[in-house]
Structures are given as C-alpha cells and as structure tokens.
Enquirer: 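Dropping the structure in here first, questions after.
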Amino acid sequence: MLFNSVQFLIFLPIVFIIYWLYPKKYKWLPLLLFSYYFYMYWNYKLVFLIFLTTVVSYACGLLLDRFGDRPKIKKACVAVVLVVCFGILLFFKYFNFFYDIIKDIISAFGGDKPTGYFVIMLPVGISFYTFQTASYVIDVYKGKIKAEKHFGYYALFVSFFPQLVAGPIERPQDLLPQLKDTEKSVKQVDYSGALRYMLVGFFKKIAIADILGIFVNATYNNISQANGLMVLIATLLFTFQIYGDFSGYSDIAVGTAKLFGINLTENFESPYSSKSIKEFWNRWHISLSKWLRDYIYFPLGGSRVKKFRWVLNILIVFFVSGLWHGANYTFIVWGLMHAAFQIIGAFTLKYRNKILVKLHMSPESLWGGVLRTVGTFLLVAFAWIFFRANTISDAGTAVVKLFSDYSFSAAYFKQTADGLGINVFWGVYAVLGIPLMLSLEKLKRIDVCGCKLYAKSAVRYIVYVVMAWAVIIAWIYLQAEDIGSSFIYFQF
C-alpha cells in the first residue's frame, strides 16, 4: 500500500479511529494487526518471512537474557539470528545476483555460460526490518537493553507500518518504550505537527519527485538516445528526485507515526548543504548511516586504527552500504565511489585548505563554505549516475556522454523530449518547486528551530496552501497520465 494512494487515505483514518477508541492497555493489538495487513497488501504469501524473523529474534532475545552468564550460548543465539535473518535477506534479495556472478566467472574461464534465471520475488522492506531485528539482538547481547518479554510489543516494533517498508531504521531503545506507553491520550498528540510533516512529505514526493522522475526515467531508460546535455539535466534532476522521494517518504512516515503519539527518527537534515562527503552521510539516510557506523564501522576499529586499516574499514562499510541498496554492480560501484571520496578527501584536506587560504578564502569563511558545498554536491550528483543507471554499461554510456556529447539546438531538444514522451511544462513546474523543497526542513520543524521567515503565520499559511495545491494538481496529472509513482526505496 503506497502512502500516496487512495487506499492509504482510507486505511489511515480507520486505523487512527480504532486505535484511539481501543482500551489503553491493548492499543498495541489493533496497531499490530493493521501493520500486518499493511505489509500483506503487497503479497500476503510472503508474510511468513517477517513473522519468522520476528519469532527467531524474539526467542533468541529471551535466551540471551536468561543465559546472560553463559558466553557460548549467547554467541550461539546471536549466530542463529544473524544466519536466519540475513540468510533470508541474502536468498530473496541476492540469490540471482550471486548466480549471475558465478555465470560470469564460468564464462570468463572459457566455460559454457549457464542459462536460466530464477524468479524470486523481493519482499518489500526486507532490508529495513532485517537490520532492525539485528540491532535489537546485538544490543541485548551487549547488555545495552533488556530483552522484550511481551511478544505483541516486539512484533509491533518489527512491523510498525509507518516505517516498515522504507525506514527509518529504528533502534529498540527508541521505539519500544513508545509502543509500550499505555498512558498517552488523544489529547496529547501534536496533530498540527503530524499533518505538517505529512504535507511536506506529499509535496516532496508527488509535486517534485514524481514529476522530475518523468524526465529522469525517460532519459536513463533510453540513455543511448540522449546527448550530454540531457544526461546532465537528468542527473541533476535525479539528485533532487531521489531526495524528494526518499525524504518525502520519511516525512510522511514521521507524520503518520505522530498521529499515534509516536516519534520516529529524523532521516534527513538538509544533506545537500553538506561541506564534505562525511558530513553528507551524517545528514543523508541518517538511520542507515548510524546503523553502519555502530554495528560495522566501530566494531572494525573505526578511525582509531592505522591508516591502512582505516581505509579498509571505510571500503568495507561503503561496500556493504552499496550492496544493501541493491543486487546490482551499479550500487556497489556507487558505494565504493563514496568510500573513495571520503578517503581522498581525508588525505587531501590539508592541501585543499592551503589552496583556499592562498585564494584568500579560509575553509570556514562564507565563500570557502560555498566552494566546499558546491564541490560536495557535484561529487554526490556524479555518483548518483551509477545509482540510477540500469546497468554498469548504461552508467558508462552516461558518463561518456556527460563529458563529450553536447550537440544541441532548441529544435533537437524539443524533438528528443517529444520522442521520449517528456512534457517540458511539467518539468519546469517541478523545477520551480525545488527551492521550496530544500527549505522545508525548517518549515516542518518550525516550533523547534524558529526560522524567522516561516515564523510569520501569514507566510506559513501561504506556503501550506501553495504546497497543498501543488500536490493536488500534480496528483491529478499523474493519475490522468497513468504514471506510476512507487517510492524508489521500496526496492531495497
């Protein structure tokens, strides 16, 4: 069930009414049942996977508590959870990818390349709830939290529908206590804040991301027909499309959870204003970045090791990050590119700062900051080529065209756009909304950050009205043209 669907607009009020009418002691029950219904809406046959993951991690958590003084049993419990949960993830998400690698190796050594392909359906949200259950068991093992004894609360922690299929990846110590809070009442909920988050999310997703996606998809799905200028435009637009799409989902998830008195993790914090790739990952998909940091990077030694080992740690973390995003060489290359950016950036920081000083711009000055922000943005945008391209070959074609093929005329551009089914008007419509989208981090948290511009009620009202109408108009157009609008991160 998509957030931006009529079905969800019917589903959410029903859940909301039943939840708040239910006795406080048992509010978890309707929320759990509706969460499972939400998950089964895509494919009810695969519900056993999330249930199996839940049961195994729940049981092992109890065993870890019971045998806290038995190291061998504790390690065995963690091993069981990791093997079962990640085994399911590897099979359903990566089996065909690894099978293709084996076929390529056989072919490379002169053997007859095997044919055939296994049809394995990817369960939605599997990467998210696998990481979430893994963090729970690891934290219980390390003694950071106590095992949850109430199966209903734990099952709800794994399946809570607002963040089930595309995050944010919640930690048990943050989400479980909120789910167990039976004293909260309907009067304590910040409804204006919830609706504000949801409106911002729908604006980002429908009015910006979905409209930009028309041009991006048409170009990247026909990359051989595009020239360098179209690739450049499509790449820049995808940079904003994926931000609007994913941060839009996160905002809707946060707003939806707030309707039930539950606060989810903020997943984005103006990432394109970052002054380095390291800072970018502290602002982009924050819950995943923190998960990789706490459960892979730190256990490997983090930065408190020799330089060679630190380089290896960064490569491992971003290799995992790339592979987590998808079973394709393109995602691995994308992840390793970000690793390379961080490594090169760390080793050249001193020299880059010297250059800025010679240009009479200190690293912390206004223009020094602008230069660093622009440089970081361009690196991130370039790496998105490999994230968006359908294959490594397509990514290579895009890069070559980006740096060589700039034959252009207005007639040629219009002819190509028409041939790809691109409506220039709607492209301009979405592009004009990008500046507003990038400023919305302050609008949705106005009561926290106190932005002077948005603090004026009249300005806020106008912005809300503009966003609402932009969403309605874009949604009508997308429905009329039968343009699909699934969230990009649902495939992960």
Side-chain angles (χ1 to χ4, degrees), residues 1-13 162 165-166 194-222 230 233-256 267-268 270-272 384 388 413-414 417-418 420-444 454 459-491:
M1 188 183 302
L2 296 171
F3 281 163
N4 54 328
S5 66
V6 174
Q7 292 87 341
F8 182 76
L9 295 180
I10 298 172
F11 169 83
L12 183 58
V165 294
L195 295 175
R196 183 165 61 241
Y197 267 85
M198 294 181 72
L199 176 59
V200 167
F202 282 122
F203 174 78
K204 288 179 177 179
K205 168 60 180 170
I206 298 174
I208 306 297
D210 285 349
I211 301 298
L212 293 180
I214 298 171
F215 184 93
V216 173
N217 294 339
T219 302
Y220 269 92
N221 291 339
N222 301 275
M230 295 189 73
I233 294 173
T235 300
L236 290 174
L237 293 185
F238 179 71
T239 300
F240 297 109
Q241 179 200 356
I242 193 169
Y243 170 72
D245 192 280
F246 193 22
S247 71
Y249 176 93
S250 296
D251 289 339
I252 299 170
V254 170
T256 302
N267 225 6
F268 293 86
S270 304
Y272 291 147
W384 283 133
R388 175 58 187 83
F413 186 83
K414 185 178 185 307
D418 291 342
L420 294 175
I422 297 169
N423 189 314
V424 176
F425 167 79
W426 286 102
V428 174
Y429 175 91
V431 168
L432 291 176
I434 290 176
L436 175 58
M437 178 182 71
L438 296 178
S439 68
L440 290 178
E441 297 301 321
K442 292 184 177 180
L443 177 61
K444 68 186 182 187
Y454 291 141
V459 174
R460 286 208 310 274
Y461 177 78
I462 292 171
V463 172
Y464 291 143
V465 171
V466 169
M467 283 197 296
W469 276 108
V471 169
I472 293 170
I473 293 170
W475 187 82
I476 292 173
Y477 168 72
L478 293 167
Q479 294 298 310
E481 296 295 322
D482 194 25
I483 297 173
S485 60
S486 179
F487 288 90
I488 294 172
Y489 266 69
F490 275 18
Q491 65 183 303

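Numbering of residues begins at 1 and proceeds along the displayed sequence. In this text, all values refer to a predicted model and were calculated from it rather than measured experimentally.
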Enquirer: For residues Ala207 and Ala470, report the shortest heavy-atom separation together with the two atoms involved.
Expert: CB-O, 3.8 Å
Enquirer: Just jot down the side-chain contact (heavy atoms from CB on, under 4.5 Å) partners of Ile476, sequence neighbours excluded, or say none.
Expert: Ile472
Enquirer: Which distance, rounded to the nearest 0.5 Å, do you find between the CG of Asn217 and the CG of Asp210?
Expert: 9.5 Å
Enquirer: Using the test side-chain contact (heavy atoms from CB on, under 4.5 Å), find all partners of Ser5 that sit at least two apart in sequence or belong to another chain.
Expert: Met1, Leu2, Gln7, Phe8
Enquirer: Which distance, rounded to the nearest 0.5 Å, do you find between the CD1 of Ile206 and the OH of Tyr477?
Expert: 14.5 Å
Enquirer: If you look at every heavy atom in Pro162 and Ala253, which pair is closest and at what distance?
Expert: O-CB, 3.2 Å
Enquirer: Looking at every heavy atom in both Ala209 and Gly244, which two are closest together, and how far apart are they?
Expert: CB-C, 3.9 Å
Enquirer: Evaluate the side chain to side chain contact (heavy atoms under 4.5 Å, CB included) criterion for residues Lys205 and Phe3: first the C-alpha distance (whole Å), next the side-chain angles of each, then the deciding distance (0.1 Å), finally the verdict.
Expert: CA-CA 10 Å; Lys205 168 60 180 170; Phe3 281 163; over 6 Å; no
Enquirer: Work out which heavy atom in Ala234 is nearest to a heavy atom in Val216; give both atom names and the distance.
Expert: O-CG2, 3.5 Å
Enquirer: Only counting residues at least two apart or in another chain, list the ones meeting side chain to side chain donor-acceptor pair (under 3.5 Å) with Trp384.
Expert: Tyr272
Enquirer: Using side chain to side chain contact (heavy atoms under 4.5 Å, CB included), reason through Gln479 and Val6 one step at a time and then give a plain yes or no.
Expert: CA-CA 11 Å; Gln479 294 298 310; Val6 174; over 6 Å; no
Enquirer: Please report the interatomic distance OG1(Thr239) to CG(Leu212), rounded to the nearest 0.5 Å.
Expert: 10.0 Å
Enquirer: Quick one: list whatever passes ring pair (Phe, Tyr, Trp, His ring centres under 6.0 Å) with Phe203, sequence neighbours left out.
Expert: none
Enquirer: Which atom names give the shortest non-hydrogen contact between Ser250 and Phe268, and what distance separates them?
Expert: OG-CE1, 3.6 Å
Enquirer: Could you go through Ile211 and Leu478, starting from their C-alpha distance and side-chain angles, then the distance that decides it, and tell me whether this counts as side chain to side chain contact (heavy atoms under 4.5 Å, CB included)?
Expert: CA-CA 8 Å; Ile211 301 298; Leu478 293 167; 4.0 Å; yes
Enquirer: Working to the nearest 0.5 Å, report the span between CZ of Phe246 and CG of Asp251.
Expert: 11.0 Å
Enquirer: Between Met230 and Phe215, is the side chain to side chain contact (heavy atoms under 4.5 Å, CB included) condition met? List the steps.
Expert: CA-CA 9 Å; Met230 295 189 73; Phe215 184 93; 4.2 Å; yes
Enquirer: Residues two or more places apart in sequence or in another chain: which of them pass side-chain contact (heavy atoms from CB on, under 4.5 Å) with Val254?
Expert: Tyr197, Lys258, Leu264
Enquirer: Do you know which two heavy atoms are closest between Lys204 and Tyr243, and how far apart they sit?
Expert: NZ-OH, 3.7 Å
Enquirer: When rounded to the nearest 0.5 angstrom, what distance separates CH2 in Trp475 from CG in Asn4?
Expert: 9.5 Å
Enquirer: State the CG-CD1 distance between Leu199 and Ile252, to the nearest 0.5 angstrom.
Expert: 10.0 Å
